[in-house]
Amino acid sequence: MKSAVSSSLFSNSKNLLKPDPLSLLKSVFLPKPSLRSIVKLPSSSLSGQRSISTSIMASSFKPEQARVPSALPLPAPPLTKFNIGLCQLSVTSDKNRNISHAKNAIEEAASKGAKLVLLPEIWNSPYSNDSFPVYAEDIDAGGDASPSTAMLSEASKRLKITIIGGSIPERVGDRLYNTCCVFGSDGELKAKHRKIHLFDIDIPGKITFMESKTLTAGETPTIVDTDVGRIGIGICYDIRFQELAMIYAARGAHMLCYPGAFNMTTGPLHWELLQRARATDNQLYVATCSPARDSGAGYTAWGHSTLIGPFGEVLATTEHEEAIIIAEIDYSILEQRRTSLPLNKQRRGDLYQLVDVQRLNST
Ligand SMILES: NC(=O)CC(=O)C(=O)O
């Protein structure tokens with residue numbers, strides 16, 4: 001199985017887009033000649049003075065500098081309209097059953113027209129620190145060492161779809177990660193995202209969970225070009241960190257996908273709120289996929305897998321039982337929404353900046 005990280009955008013090992021920040025700045029953001037000529041109007045003309053101050057004010061905002069390096073333009077996606085399938089799966093302690101169950105759900109989603117299928121966080125194992133070491137797989141070794149990702153690779157190739165394979169516990173030497181694999185429609189592993197922000201929380205009397213007891217945090221944001229657009233990946237708790245979503249948006253993402261298993265305390269309050277916030281602020285699609293709720297499990301998932309549109313609208317969602325959501329994505333509305341609400345032209349680069357450290361260091 002091919003190493004994923006090498007083919008994801010802006011990975012440490014290979015940068016597929018390596019933008020020259022200066023040329024981007026020139027090509028995308030330099031004022032048009034007409035604006036320059038407005039600045040040259042004689043200051044004695046009243047209308048000229050108004051134009052001068054408007055023009056200087058607009059450029060002094062420096063929206064292009066609010067993203068460091070400058071934001072990349074939204075790329076043309078290979079497919080503008082397609083269906084996504086969100087497979088909200090029940091998860092048991094029987095790993096083989098979990099794998100065949102996920103396979104059946106992927107096939108059902110594909111038979112209903114999904115070109116992209118998203119699975120839940122930790123779908124091959126119970127969500128617990130005791131289980132992670134037991135169910136972990138060596139993804140890079142592939143084959144028998146990783147039956148879960150072998151299934152995903154085979155299914156994506158056979159069904160000719162892109163699969164964002166939720167997440168599974170990954171073993172690398174003596175370390176464990178919570179890892180999402182993205183498979184292209186050719187069955188190749190295109191990207192691997194290791195949960196960057198570990199879920200360590202303590203809400204007394206409600207929920208305490210410390211992923212860091214067993215897991216190691218991932219080190220890199222993951223954005224990947226697929227047959228169904230440029231997709232930024234986060235896992236569950238990653239959704240709380242808006243900077244990650246902003247970095248993906250600045251790298252030209254059409255959509256963010258978050259496999260996630262929120263819980264019965266934070267789920268009702270935050271799950272939909274965070275998804276809508278990430279989509280609204282960044283003017284892109286957000287898709288999430290949770291395990292179905294099992295009230296008898298040590299960790300009870302909130303469920304409610306959802307697709308959010310670029311205006312923050314809930315396009316499709318479900319309750320907490322098992323479900324396969326099929327919903328349409330239309331990337332042509334991204335530009336429309338950004339034209340109606342031109343946030344990218346209104347940022348105050350003179351007041352604040354978002355620094356994408358990985359991209360800055362790779363240029
Ligand atoms: N389980 C998680 O990673 C996140 C979560 O439940 C929360 O942020 O709340």
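For the numbers below, each heavy atom of this structure counts, side chains included, while hydrogens, waters and symmetry mates do not. Atoms within a ligand are numbered from 1 in the order they appear, just like the ligands themselves.
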Exercise. State plainly whether the residues D94 and R97 are in salt-bridge range, i.e. N to O under 4.0 Å.
Key: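 R97 and D94: not salt-bridged.
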Verify the distance criterion only: is there a donor paired with an acceptor across the side chains of [X] and [Y] at less than 3.5 Å?
X: S70; Y: E64; result: no
X: T208; Y: D202; result: yes
X: S167; Y: N178; result: yes
X: Q275; Y: H304; result: no
X: N98; Y: T92; result: yes

Self-check item: Test item: R347 and Y352 side chains (from C-beta on) under 4.5 Å apart, heavy atoms
Solution: yes
Quiz item: How does H270 reach ligand 1, if at all, at less than 4.0 Å between non-hydrogen atoms: by side chain, backbone, both, or neither?
Solution: neither
Check ligand 1 against [X] and write out every atom of the ligand that is under 4.0 Å from a heavy-atom position of the residue.
X: N263; value: 5 (C), 6 (O), 9 (O)
X: T266; value: 6 (O), 7 (C), 9 (O)
X: C236; value: 1 (N), 2 (C), 3 (O), 4 (C)

Exercise. Note the single closest protein heavy atom to atom 5 (C) of ligand 1, along with its residue, its atom name and the distance in Å.
Key: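 So the nearest neighbour among protein heavy atoms is F199 CE1, 3.3 Å.
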Quiz item: So which heavy atom in the protein is nearest atom 8 (O) of ligand 1, and how far is it from that ligand atom?
Solution: R240 NE, 2.6 Å
Practice problem: Apply the side chain to side chain contact (heavy atoms under 4.5 Å, CB included) test between I329 and each candidate in V228, I84, L315, L334; give the one that qualifies. | Solution: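 Looking at V228, I84, L315, L334, the match for I329 under the side chain to side chain contact (heavy atoms under 4.5 Å, CB included) is I84.
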Quiz prompt | E211-ligand 1 polar pair, N/O distance under 3.5 Å | solution =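 N/O-N/O distance below 3.5 Å does not exist for this pair.
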Self-check item: Any N or O of A261 closer than 3.5 Å to N or O of ligand 1
Solution: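 Yes, A261 has an N/O under 3.5 Å of an N/O on ligand 1.
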So, 4.0 Å and heavy atoms of [X]: is ligand 1 close enough to count as a contact?
X: Y127; answer: yes
X: K195; answer: yes
X: Y299; answer: yes

